[in-house]
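First comes the structure, then the notes that go with it.
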Amino acid sequence: MTTSMHRSHRVAGALVGSAVGDALGAPFEFGPAGEFSRRFPVPARGSKTEMCGGGSLGWAPGEFTDDTQVSLLVATSLVEHDGLDLVDVFDRFARWAAAGPPDIGNQTRSVLSSGRPWDVAAAEHFARSGHAAGNGSLMRTTPAAIWFARFGTAATTDAARRISALTHGDPAAGEGCAIFHELMRVALDGGDPLAAVPWALALVADEHRDRWATVLAEDWTPDRATESNGAVWPTLGQTVWALREGRDFAEVLRLVIDLGGDTDTVACVAGGLAGAVYGMGGIPSRWASVVHGRVPGHGDRVWRLADLQQLAAALDTGVQQSYDPGVIPRIGPTEVLPGIWAANLDGARYSEKDFAVISLCRLGEPFEHELQRMAYVADNEHNSDLDVVLADVLEDMAALRAEGHRLVVHCHGGASRTGLVLRAWLMRTEGMTADEATAHVAERWPHLGLWNASFTKALHRMGARC
Ligand SMILES: [Mg+2]
């Protein structure tokens, strides 16, 4: 964890992390405990990864489920209305439910299909059933937690409760969302959400506090849960437990998915908070690169990584920006090192489709290649997570090379970020020093750019570790 990380990395990490958790956990939903680690005892970095798809609903690899679908409805409503419009959010939910999504919680379905007005549907359901503390409002609350974080504790916890109450009449569910919002606010500010748990508990209504304090206590473990993790308490309890136990984003998700049960939802909640803590660069590129899905009832648009990153930025700043790199003269691909080709953006975009693509910049329109990894590196000195990202990229490259793939490494201009990875690859595979690797690449790739001093420093750190 680093407190110097730029806020934008945390914001993107939160939204993308929640979608990644959802998609990663979906194939294991309602399966036995430990299934994820049995199937993937070590990281799967080749062409087949842990984003395996399947499950009882037949998800495609990387496809997100209802958790992210509904999250996106909250997110787009907030951005398009420049704030919370509960009627609009409920209306979006209802249109989604009416479109027959493959996966929808029982409680959410009965509230949204009741035909009752937005301000009474959930309360009436709760009065009738007495059961309304499922995790279905917590699972979709990451976008609102991002949006309201900048307005402070009171505003974000208030919004959490109101959005939860649209479908979950039990205030206990709203209190869980309020705690989550406050932990997210702290994490996005660069603080430690675990240290903020006592503070967040103080915000909970008196009659609900004990039950929340139990599952968020430092010595609570998932085997002490008194309900299945379809309920809101163990879902947040498992999230905080995994954040406490895990050493990085991937381990946090492995821990929660290995608990079994409602794996997509718990991983979605945990992925949101862990993404804020570890940042976009802490999310394994092999997972983030393939995350995608549609939102039933809301058009045919396919949401992908870049769309989620753009939406996350809009949630944090209130400003929507789209990215179009335009048409740039192609450079490459050129084989610079054995099996490793280099290019600029359009050189890689129009390369042969059997290349495995290592992308280090924003793309604009998606590529058509089947195998592509997108790593989050900015062409500046503000990549506080550069060592983690670089290690992730190199491990993936090694696994893909071992399968016999030709790799094309590219960034926008093919100069600085591409040069960083080519140099690091030489250090890793040939045992060169940073200076030797720089000289070697410069001779073979005249586009090499060395203007980011922090990149060369990262290579020297890498050399010192080896
Ligand atoms: Mg789901």
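Residues: numbered from 1 along the sequence shown. Read the numbers this way: they start at 1 and go in the same order the structure lists the ligands and their atoms.
Of the possible polar contacts, none joining the Ser164 side chain to the Ala160 backbone as a donor-acceptor pair under 3.5 Å is found.
Here the two rings, on Phe355 and His369, have centers that are 6.0 Å apart or farther. Separation of the His410 and Phe367 ring centroids falls under the 6.0 Å cut-off.
Asn229 and Thr235 share no donor-acceptor pair across their side chains, judged by distance under 3.5 Å alone.
For the Mg ion (ligand 1), the tally of protein N/O/S atoms lying closer than 2.8 Å stands at 5.
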Return all side-chain donor-acceptor pairs below 3.5 angstrom for residues 26-36, not counting sequence neighbours, or 'none' if the list is empty.
from: Glu35; atom 1: OE1; to: Arg38; atom 2: NE; distance (Å): 3.4
from: Glu35; atom 1: OE1; to: Arg38; atom 2: NH2; distance (Å): 3.2

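Remark: Arg301 qualifies as a cation-pi partner of Trp303 under the 6.0 Å distance and 45° angle criteria applied to the six-membered ring.
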